[in-house]
2 protein chains.
Amino acid sequence: MRNIDEDTITQAVLASMSGCSNPRLHTIMTSLVQHLHAFARDVKLTEAEWFKAIQFLTDVGHITDDKRQEFVLLSDTLGLSMLVTTQNNRKPPSCTETTVLGPFYVEDAPEFNNGDDLSRGAPGALCFVRGNVRGVNGEAIAGASMDVWQSDEDGFYDVQKTTAALDELVHSARGRLRTQADGSFHFRSILAEAYPIPYDGPVGKMLDALGRHPWRPAHLHFWIEAPGYERLITHVFRDGDQYLDSDSVFGVRSSLIVEWVKHEAGIAPDGSAQNAPFYTLDYDFVLNPAGGAV
Amino acid sequence: MRNIDEDTITQAVLASMSGCSNPRLHTIMTSLVQHLHAFARDVKLTEAEWFKAIQFLTDVGHITDDKRQEFVLLSDTLGLSMLVTTQNNRKPPSCTETTVLGPFYVEDAPEFNNGDDLSRGAPGALCFVRGNVRGVNGEAIAGASMDVWQSDEDGFYDVQKTTAALDELVHSARGRLRTQADGSFHFRSILAEAYPIPYDGPVGKMLDALGRHPWRPAHLHFWIEAPGYERLITHVFRDGDQYLDSDSVFGVRSSLIVEWVKHEAGIAPDGSAQNAPFYTLDYDFVLNPAGGAV
């Protein structure tokens with residue numbers, strides 16, 4: 001096309017992709033170009049604003065490395081991650097809802113047995129977590145694999161506390177266990193606390209310019225898998241947290257908010273005597289059968 | 001908001017920005033979030049596709065440095081740069097049209113006098129460039145500053161041919177001159193040839209996946225400024241080029257296509273005797289008065 005101007009440019013770009021041999025890529029890029037151009041037209045983006053956007057994306061790219069993923073933070077804080085998560089995990093209302101994975105999941109976390117202490121010395125108030133994993137008909141799911149991870153009372157995950165390579169890291173407040181024959185699980189850990197997402201980079205500057213804070217309400221992450229069921233990636237949020245209505249990554253769903261019950265010093269659920277207050281969290285998960293997406 | 005799902009997420013993100021104290025930023029980000037979410041919904045972006053997009057942007061960020069701007073290439077090849085350029089440079093029809101700046105402009109290019117050879121040894125067929133800079137009423141514009149830059153016959157700009165710091169570079173096929181008292185200019189250079197944009201990175205892979213080539217039709221860049229007139233950033237394209245209908249950055253405008261006339265060996269316009277064929281390019285530029293945007 002030799003007659004490119006602000007009206008013809010979109011059609012010219014779409015026509016240039018007519019030879020794309022991947023139909024799904026063609027669909028995605030067609031929509032992307034249409035929305036990208038519509039955005040630039042809607043706001044009549046100036047050349048100076050375009051240049052600022054280029055600089056911003058460059059900064060996001062340059063702070064990203066194998067420990068920090070600023071593009072994921074950008075997607076999270078613009079609500080894209082939660083939108084993609086929810087539209088790909090439609091389930092019957094009786095199933096536990098999903099929420100964002102977040103950047104702190106680690107493959108091959110240490111394995112634990114029911115009753116073990118996952119905190120491994122991470123600072124925080126003692127917390128006993130108990131529950132069941134069931135199917136939509138109430139059937140117990142035995143042997144379900146359950147990854148659990150959380151921040152400590154200082155607001156940090158284990159992977160944020162080291163500059164060494166991950167394989168040298170001693171994991172804490174993180175682990176994998178399996179449900180018992182009756183579908184139940186129980187372990188010790190620490191009380192989850194609210195924390196800010198990393199905000200010393202370009203995404204933090206963006207949040208600041210938008211009048212937004214970087215905080216996430218306290219939560220415990222779960223990744224549950226069992227043969228014959230859909231994978232469930234979710235959090236359990238702590239009721240009462242001041243950031244439940246303003247999660248910086250938009251992950252809160254009402255059904256995932258639970259009271260983490262405070263107990264005064266005394267005998268704990270595992271029979272131990274505790275000199276300080278401790279917490280209990282009870283939560284049951286319901287998995288969708290594989291192929292059961294709605 | 002505690003009830004985030006695929007339907008409520010967009011409103012939740014927009015509500016989070018209600019405290020933004022910069023009205024223009026608020027307008028831009030509101031539109032950006034709406035279009036970004038609409039795109040993800042329209043194509044029902046999957047989690048695997050989202051992850052590929054994150055990886056792609058990460059790769060674009062990591063190849064970008066002070067010599068190479070892959071985000072600009074991405075914007076160029078998706079037509080965003082040309083859209084932003086044209087919608088911010090609306091002019092009366094009698095004015096010379098703008099096109100994209102491109103990534104190879106250099107500030108403080110070497111200064112030349114009319115009649116000088118700007119090629120400075122860059123390989124290519126000899127070309128004599130002549131023309132005038134005028135206002136919309138035909139008035140000559142004397143002393144207009146004119147930056148000129150181009151690739152050589154191998155398809156490279158001077159800045160692509162060195163790994164040394166820019167200030168150590170000997171510029172070639174690039175320079176700045178001023179129009180004479182009657183608004184005319186003339187200089188020697190080399191024939192511009194078609195060339196591919198850098199395609200050894202993620203944008204090149206994207207073009208390949210889309211069935212697109214990376215080539216640009218042959219052109220000569222101009223950046224013209226004069227007091228009392230709007231800045232003009234444009235190219236002159238070489239008529240007959242095979243890529244005029246498929247410029248990889250969508251910069252071609254019919255009014256900017258010109259015949260570069262081939263002459264057999266003989267006496268050149270500057271009176272010199274040439275043993276090989278040479279070319280002449282004649283083009284007049286018309287500047288919009290400052291504040292004259294339509």
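We use all heavy atoms of the structure for the numbers below, so side chains are in, but hydrogens, waters and symmetry mates are not.
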For the [atom1] atom of [X] and the [atom2] atom of [Y], what is their distance to the nearest 0.5 Å?
| X | Y | atom1 | atom2 | answer |
| --- | --- | --- | --- | --- |
| A/I233 | B/E47 | CD1 | CD | 6.5 Å |
| A/R24 | B/T46 | CZ | OG1 | 6.5 Å |
| A/R212 | B/M29 | CZ | CE | 8.0 Å |
| A/Q87 | B/D5 | CD | CG | 11.5 Å |
| A/D66 | B/T58 | CG | OG1 | 11.5 Å |
| A/H62 | B/H62 | NE2 | NE2 | 7.5 Å |

Residue part contacting chain B, namely of [X], when any heavy atom lies under 4.5 Å:
| X | value |
| --- | --- |
| A/D208 | neither |
| A/E49 | side chain |
| A/L101 | neither |
| A/H26 | neither |
| A/S16 | both |

Using a 6.0 Å cut-off, check whether atom [atom1] of [X] has over 12 heavy atoms from anything other than its own residue.
| X | atom1 | answer |
| --- | --- | --- |
| B/K44 | NZ | yes |
| A/Y199 | OH | no |
| A/F285 | CZ | yes |

If you count heavy-atom pairs under 4.5 Å between each of [options] and chain A, which one has the most?
| options | answer |
| --- | --- |
| B/V33, B/T27, B/I28 | B/I28 |
| B/S18, B/G79, B/G19 | B/G79 |
| B/S21, B/A38, B/S246, B/S248 | B/A38 |
| B/M206, B/R41, B/Q34, B/E70 | B/R41 |
| B/G211, B/A15, B/S255, B/S254 | B/S254 |
| B/N89, B/T30, B/T85 | B/N89 |

Discussion item. As an exercise: rank A/D42, A/N22, A/T8, A/L78 by heavy-atom pairs under 4.5 Å with chain B and give me the winner.
Written reply: A/L78
Which heavy atom of [X] sits nearest to which heavy atom of [Y], and what is that distance?
| X | Y | value |
| --- | --- | --- |
| A/C20 | B/A209 | SG-O, 3.4 Å |
| A/I4 | B/F250 | CG2-O, 3.3 Å |
| A/V43 | B/S31 | CG1-CB, 3.4 Å |

Fill in: With B/L45, the side-chain contact (heavy atoms from CB on, under 4.5 Å) member among A/L83, A/L32, A/V84
A/V84
Worksheet item: Side chain, backbone, both or neither: which part of B/I257 has a heavy atom under 4.5 Å from chain A?
Response: side chain
Item to complete: Heavy-atom distances under 4.5 Å only: say whether B/M17 touches chain A with side chain, backbone, both or neither.
Response: both
Discussion item. Determine whether a donor-acceptor pair (N or O, by modelled atom type, separation under 3.5 Å) exists between the side chain of B/R2 and the backbone of A/R253.
Written reply: no
Discussion item. Parallel, tilted or perpendicular: which one describes the rings of A/F39 and B/H35, with boundaries at 30° and 60°?
Written reply: perpendicular
